[in-house]
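Only this structure's heavy atoms are used, side chains among them; waters, hydrogens and symmetry mates stay out.
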Amino acid sequence: MNVYETPKIGDLIRDNSYVGRGILLGKTPDGTKAAIAYFIMGRSENSRNRIFREEGDAVTIYPYDPSKVEDPSLIIYSPVRVYENNLIVTNGDQTDTIYDGLAQGKCFRRALKSRQFEPDGPNWTPRISGMITFEDGDFTYAMSILKSGDGEGSFCNRFTYDYGSSAGVGHLIHTYMGDGNPLPTFQGEPRRVEVPDSIDALTEEIWKNLNGDNKISLYVRYVDLKTGQWESRMINKNEK
């Protein structure tokens, strides 16, 4: 097995009906941009009733049809926020926990010490988080997963991964290994993936390979390392 193999993200999510929510962080092959992607999937009506909205440099998830909201606590949050030179991406309201922690002088890992997996037994959905830190015309990034250590949600296992940026390389982490009841939690380290120079190519690669029945929304952002300017793409299945 080649540990430095860098497949396309489509090769990792294709034919998997339910990878859940996913975060990709990485760098374009030309070395000029940082890339992030965040996607959500859903099986229940409550989970599928969502859309992304870009608000300044942040992204917030809202219900597509407010009259159908059953439990807003786990579906309405801001997956993307910016604090100073840090770009935060998560699958829950721990985005705010990291943001507030940074404002208090905490690091990414320490900020997340106050959180654990979601209280949605028997799935115990893991909280996945990522953060890019820009500095001196380049960046480093970190990824985290907080997941239940057993089937009863008795305790939390915490894993944090720190990466230097490498041209054309990113890492992908998602909440589930696939469909099931209960849903099987993501296992192992974040997967190395290819990051293309084109934001449209990455957007298309992810969206076309997510399961057609369960995919809900996708957000992709590329940040120019020299100027700090960024461009984004957003797809909401409910608005098609």
Side-chain angles (χ1 to χ4, degrees), residues 20-27 33-40 50-63 71-120 125-147 156-165 170-175 186 190 216-225 227-234 236:
R21 288 166 268 176
I23 296 170
L24 181 154
L25 304 179
K27 192 177 196 178
K33 297 180 179 68
I36 70 163
Y38 179 64
F39 62 80
I40 60 173
R50 295 183 286 180
I51 54 173
F52 287 177
R53 286 282 180 262
E54 194 172 52
E55 301 174 328
D57 58 14
V59 175
T60 302
I61 298 176
Y62 290 101
D71 179 5
S73 65
L74 295 179
I75 69 166
I76 301 175
Y77 57 92
S78 295
V80 178
R81 293 189 69 184
V82 175
Y83 180 80
E84 295 183 344
N85 63 324
N86 301 285
L87 177 55
I88 307 162
V89 191
T90 89
N91 74 324
D93 62 8
Q94 74 268 25
T95 310
D96 299 334
T97 303
I98 297 168
Y99 184 99
D100 294 341
L102 295 175
Q104 296 163 12
K106 298 178 181 179
C107 66
F108 175 78
R109 185 195 305 259
R110 187 178 169 208
L112 284 167
K113 285 287 286 183
S114 65
R115 305 304 302 270
Q116 61 174 13
F117 49 86
E118 296 180 3
D120 62 342
T125 298
R127 292 190 185 273
I128 55 173
S129 307
M131 186 174 78
I132 290 178
T133 299
F134 298 96
E135 192 170 20
D136 298 328
D138 206 348
F139 66 92
T140 57
Y141 59 102
M143 305 187 91
S144 165
I145 183 167
L146 311 177
K147 58 183 181 179
C156 183
N157 290 336
R158 303 168 182 277
F159 303 88
T160 304
Y161 306 89
D162 298 306
Y163 300 100
S165 65
H171 286 86
L172 168 71
I173 192 168
H174 47 88
T175 51
F186 180 87
I216 303 300
S217 295
L218 167 65
Y219 181 81
V220 182
R221 180 183 297 184
Y222 275 29
V223 183
D224 189 289
L225 296 177
T227 66
Q229 295 182 338
W230 51 271
E231 60 177 329
S232 63
R233 302 289 186 269
M234 185 167 59
N236 287 308

May I ask you to test the [X]-[Y] pair for a side-chain heavy-atom distance under 4.5 Å?
X    : Y    : value
F117 : T125 : no
I88  : S129 : no
Y99  : S78  : no
P79  : Y219 : no
R221 : L87  : yes

Of all the heavy-atom pairs spanning [X] and [Y], show the shortest one and how long it is.
X    : Y    : value
V80  : D57  : CG1-O, 4.2 Å
G101 : A111 : CA-CB, 4.1 Å
I173 : P190 : CD1-CG, 4.1 Å
D224 : T227 : OD1-N, 2.9 Å
A35  : I132 : O-CD1, 4.0 Å
I76  : P63  : CD1-CD, 3.6 Å

Inter-residue atom distance [X].[atom1] - [Y].[atom2], 0.5 Å rounding:
X    : Y    : atom1 : atom2 : result
T60  : Y77  : OG1   : OH    : 10.5 Å
R127 : I145 : CZ    : CD1   : 12.0 Å
R81  : N86  : CZ    : CG    : 12.5 Å
E118 : T175 : CD    : OG1   : 8.5 Å
K33  : E231 : NZ    : CD    : 6.5 Å
D96  : I98  : CG    : CD1   : 9.5 Å

### Task
Would you check, one step at a time, whether the test side chain to side chain donor-acceptor pair (under 3.5 Å) holds for Q94 with R115?
CA-CA 7 Å; Q94 74 268 25; R115 305 304 302 270; 5.1 Å; no
#### Entry: Side-chain (N91) to main-chain (Y38) donor-acceptor, under 3.5 angstrom
no
Return a table of donor-acceptor pairs under 3.5 angstrom between the side chains of residues 134-143 and protein atoms on other chains or two or more places apart.
{"residue": "D138", "atom": "OD1", "partner": "K27", "partner atom": "NZ", "Å": "3.0"}
{"residue": "D138", "atom": "OD1", "partner": "S165", "partner atom": "OG", "Å": "2.8"}
{"residue": "D138", "atom": "OD2", "partner": "K27", "partner atom": "NZ", "Å": "3.4"}
{"residue": "Y141", "atom": "OH", "partner": "H171", "partner atom": "ND1", "Å": "2.7"}

### Message
Tell me whether K147 forms a cation-pi arrangement with F186, defined as NZ or CZ under 6.0 Å from the six-membered ring centre and within 45 degrees of its axis.
### Response
no
### Query
Passes side-chain contact (heavy atoms from CB on, under 4.5 Å), Y83 versus M131? Steps please.
CA-CA 10 Å; Y83 180 80; M131 186 174 78; over 6 Å; no
### Message
Taking CD in Q229 as the centre, count heavy atoms belonging to other residues, nucleotides or ligands within less than 6.0 Å. Is the count above 12?
### Response
no
